[in-house]
Amino acid sequence: MSEKTHKNQEQRLRRALNKVGYSLHRSRAKISLDNLGDYMIVDQSSNSVVAGSRFDYTLEDVEAWLNGD
């Protein structure tokens with residue numbers, strides 16, 4: 001996947017999650033056992049992680065989660 005396509009998908013998912021009260025966080029830290037370098041989904045009302053607690057969700061995982069798969 002090209003960088004531009006990847007960024008477009010990320011922005012599309014961020015907007016979709018924001019509409020339903022969630023936010024998408026991307027890891028910026030060094031990869032470790034607790035941080036696998038991808039994404040997590042956070043509930044905006046409680047500021048709690050609902051998926052990908054180890055930054056282990058790919059954009060495809062986020063999309064599947066958003067679609068209820």
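Values in this document were obtained by computation on a predicted structure and should not be read as measured data. Quick note: residue numbers are just sequence positions, from 1.
- For Thr5 and Asn8, the side-chain atoms include no donor-acceptor pair closer than 3.5 Å.
- Taking every heavy atom of both residues into account, Phe55 and Arg26 meet most closely at CE2-C, 3.8 Å.
- In this structure, OG on Ser32 lies 8.5 Å from CZ on Arg54, to the nearest 0.5 angstrom.
- Summarising the geometry, atom OH belonging to Tyr57 is positioned 14.5 Å from atom NE2 belonging to His25; distances are rounded to the nearest 0.5 Å.
- The neighbour count for Asn67 CG, taken as heavy atoms of other residues, nucleotides or ligands under 6.0 Å away, is above 12.
- Taking the six-membered ring for Trp and the full ring otherwise, Tyr22 and Trp65 have centroids separated by under 6.0 Å.
- Interatomic distance, Ile31 CD1 to Asp34 CG, rounded to the nearest 0.5 Å: 13.0 Å.
- Using a 4.5 Å cut-off on side-chain heavy atoms (C-beta onward), Leu66 and Val20 make contact.
- Here Arg12 contributes atom CZ and Leu24 contributes atom CG; the two are 11.5 Å apart, rounded to the nearest 0.5 Å.
- With a 4.5 Å cut-off on side-chain heavy atoms, Leu17 and Gln44 do not count as touching.
- Smallest separation of non-hydrogen atoms from Leu13 and Val62: CD1-CG1, 4.0 Å.
- Inter-residue side-chain proximity for Asn18 and Ser23 is flagged as met; some heavy-atom pair is nearer than 4.5 Å.
- When side chains are defined from C-beta on, Gln11 counts as touching Arg15, because their heavy atoms get closer than 4.5 Å.
- In this structure, CG in Leu59 is found 6.0 Å from CD in Glu10, a value given to the nearest 0.5 Å.
- When atom types are taken as modelled, the side chain of Asp61 and the backbone of Thr58 share a donor-acceptor pair closer than 3.5 angstrom.
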